[in-house]
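Structure, as structure tokens:
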Amino acid sequence: MVKTIWIGDVQSGMYDGQVVELKGWVKRTRGSNKIRFVVLRDSTGTIQCVAKRDVLGDEAFESVKAALIESSIIITGTVNVDERSEGGHELVVSSVEIVGSVNPERPFPITESAMAAADGGETEFLLDNRHLYLRTSRMTTMLKLRSSVFGAIHGYFRNLDFIEYQAPNFVAGAVEGGSTLFEVPYFGRTAYLTQSWQLYAEAAMPALERLYTIAPSFRAEKSRTRRHLTEFWHAEMEVAWASNQEIMTHGEGVVRKIASTLLDERTPELESLGRDLDLVARYADSPYPRMRYDEAVETLQGMGVDVEWGQDLDYSKEKVLTQDFDVPHFLTHYPKIAKPFYHRMDPEDEKYVLCHDLLAPEGYGEIIGGGERTWSEEEILKRLDEEGTPHEAYQFYIDTRSYGGVPHGGFGMGVDRVCSWLTGADHIREVIPFPRDSRRVTP
RNA sequence: GCCGAUUUAGCUUAGCUGGUGGAGCGUGGGACUGUUAAUCCCAAGGUCGAGGGUUCGAGCCCCUCAAUCGGCGCCA
């Protein structure tokens, strides 16, 4: 049952005039009692197949008529160049085999009306039928774009000799705030699903020096926004002997690499989503400015926004700040009080930490958070105590400082957020096959 | 956790000042030899989210609950 011929290649003209066997699924049918048009779909595209009763005979023609939407089918025929067919090619059918039929009492539920109503967004019905919605052209396109994003991230880091490194997903302690941990029963104890690879990456930093991962992270946030998932894909990196500035250079580098890869590999997909290619090209080609937190606060205050020094910048403030940005911007040097214990204090002014957030334009918000880590044992103990965090769960982390601590840092990137931003999606749910949020774990 | 909204056939929806729910898609049957979400004719398919109240009478008015959607906070 090897498949050797792909519809995308047929549409590109590789098989004109030849007899080919196509394997796929019925996307749509139409026609009369003597001639039927079957639009066949596979992972690479669609093609119109023309079935005529006087060529096929009554029995085969009736089976074509009975093939409902999403039946799987093997069609043999001659590739014909014909302007009347979408894509410029059609298959003149000589034989047909229905592989998996569809029961008329339970037809494929995703209809044109369901798709039109969603209009790029997602109705409850489409979320309930996500396993079937994946087959539609919009989801297929998104999944291809997503694959290229993942490939670009791996490519960026591997080109620079980073080592891909895996951390456990069951953990004992928090990275971010403890309130967003998912508890998991663990043989009579409580474990948590990881919020980040970071702490375990820091343990391997003295071994590998340059390391990265793409892995799921879990946060029990009851957020109902277009930017949040409870399970999201987290691209993280950690580098020894690196400053906040160098780490930002990698953040900018990987994001620009993702944008340029999408233009290289997926221009037709971006166009089919209606994405402005000039915007994506700008994100690939332009440098990303860096702005200190203080400057951002002053800018916001100048715009009449009610913001006090020392508070973290929430989404409503980010949105105002980024509305005039035409490329992503880094925000650096946040006040210590707004950030967790592992951020390194700025030696020039201990009110600040050496950190950065990368804010995407067009209202997509934060896509990267990172910075230098506190690396002296003395300082990390002090920061834990300031936060009132008990040391037990973090003893392994403290040990990494006890034995040859060095300056280092890294960042975490929300891969789904990047996908959402670069594809121009309305909601982060659109770019992941089975989205998880506070109200949905099925299908 | 807070604010706002929605819920009518498998899907998408119309439903007027309260008077026994219409349509399109899909499905089934029929017509049609080049269709582009084909077209035309016919049919089946509804305890109007659940419960209670007002009323001679509730899809519509009132109350409670549920589910869902959007936004905020928190973050990537």
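What you are looking at is a predicted structure, and each value in this text was computed from that prediction instead of being measured.
- For A:Ser223 and B:rC74, a side-chain-to-base donor-acceptor distance below 3.5 Å is present, hydrogens and geometry of angles not being considered.
- Taking the centre and axis of the six-membered ring of A:Tyr315, the NZ or CZ atom of A:Arg227 falls inside the cone set by 45° and 6.0 Å.
- Counting only residues at least two apart or in different chains, side-chain hydrogen bond (donor to acceptor under 3.5 Å, both in side chains) contacts with residues 98-108 of chain A are absent.
- Interface remark: the A:Gln48 side chain does form a donor-acceptor pair with the B:rU35 base, using a distance-only criterion of under 3.5 Å.
- Comparing the C1' positions of B:rC32 and B:rC11 gives an interatomic distance of 28 Å, to the nearest angstrom.
- Pairs of Watson-Crick or G-U wobble type, with distances under 3.5 Å, assemble into runs of 3 or more in RNA chain B at these ranges: B:1-7 with B:66-72, B:10-13 with B:22-25, B:27-31 with B:39-43, B:49-53 with B:61-65.
- With sequence neighbours excluded, the residues forming a side chain to side chain donor-acceptor pair (under 3.5 Å) with A:Arg440 are A:Asp128, listed by chain and number.
- Of the C1' atoms belonging to B:rG15 and B:rU7, the separation is 15 Å, rounded to the nearest Å.
- The shortest distance between the side-chain N/O atoms of A:Arg53 and the OP1/OP2 oxygens of B:rC32 is not below 4.0 Å.
- At a threshold of 4.0 angstrom between heavy atoms, the contacts of A:Thr46 with the nucleic acid are absent.
- Between A:Arg226 and B:rG71 there is a side-chain polar atom (N or O) within less than 4.0 angstrom of OP1 or OP2.
- A cation-pi arrangement is present between A:Arg292 and A:Tyr352 under the rule of less than 6.0 angstrom and at most 45 degrees off the ring axis.
- Between the base of B:rG34 and the side chain of A:Glu90 there is a donor-acceptor pair shorter than 3.5 Å.
- The gap from the C1' atom of B:rG10 to that of B:rC16 amounts to 29 Å, rounded to the nearest Å.
- Within residues 228-238 of chain A, the residues that have a heavy atom under 4.0 Å from RNA chain B are, in order of number, A:His228, A:Leu229, A:Phe232, A:His234.
- Relative to the six-membered ring of A:Tyr156, A:Lys257 misses at least one condition, a distance below 6.0 Å or an angle of at most 45° to the axis.
- When distances run from any side-chain atom of A:Arg439 to the nucleotides B:rU33, B:rG70, B:rU68, the shortest one goes to B:rU68.
- Taking atom CD of A:Glu221 as the reference point, atom P of B:rC2 lies 18 Å away to the nearest angstrom.
- The distance between atom CG of A:Asp312 and atom P of B:rC74, rounded to the nearest whole Å, is 7 Å.
- Under the ring-ring contact (aromatic ring centres under 6.0 Å, His included) criterion, A:Tyr283 pairs with A:Trp421, not counting sequence neighbours.
- In the set B:rG10, B:rU33, B:rC72, B:rG10 carries the atom at the smallest distance from any side-chain atom of A:Phe125.
- With B:rG73, B:rA76, B:rG1 as the candidates, the nucleotide lying closest to the side chain of A:Arg227 is B:rG73.
- Scored by the salt bridge (Lys or Arg N to Asp or Glu O under 4.0 Å) test, A:Glu265 finds no partners at all (sequence neighbours excluded).
- Ranking B:rG73, B:rA76, B:rU68 by closeness to the A:Arg417 side chain, first place goes to B:rA76.
- Using a 4.0 Å heavy-atom cutoff across all strands shown, A:Tyr315 reaches at least one base atom of the nucleic acid.
- In this structure, A:Glu70 places its CD atom 15 Å from P of B:rG26, rounding to the nearest Å.
- Here the nucleotide nearest the side chain of A:Asp82, chosen from B:rU35, B:rG34, B:rG70, is B:rG34.
- Contacts of A:Arg106 with the nucleic acid, taken as non-hydrogen atoms under 4.0 Å apart, are absent.
- The side chain of A:Thr225 sits closest to B:rG73 out of B:rG28, B:rA37, B:rG73.
- The distance from atom CD1 of A:Ile368 to atom P of B:rC75 is 17 Å, rounded to the nearest whole Å.
- Using a 4.0 Å heavy-atom cutoff across all strands shown, A:Arg28 reaches sugar-phosphate atoms only and no base atom.
- Rounded to whole angstrom, the span from the CG atom of A:Asn33 across to the C1' atom of B:rU35 amounts to 14 Å.
- Across all strands, A:Ser217 comes closer than 4.0 Å to no nucleic acid atom at all (heavy-atom distances).
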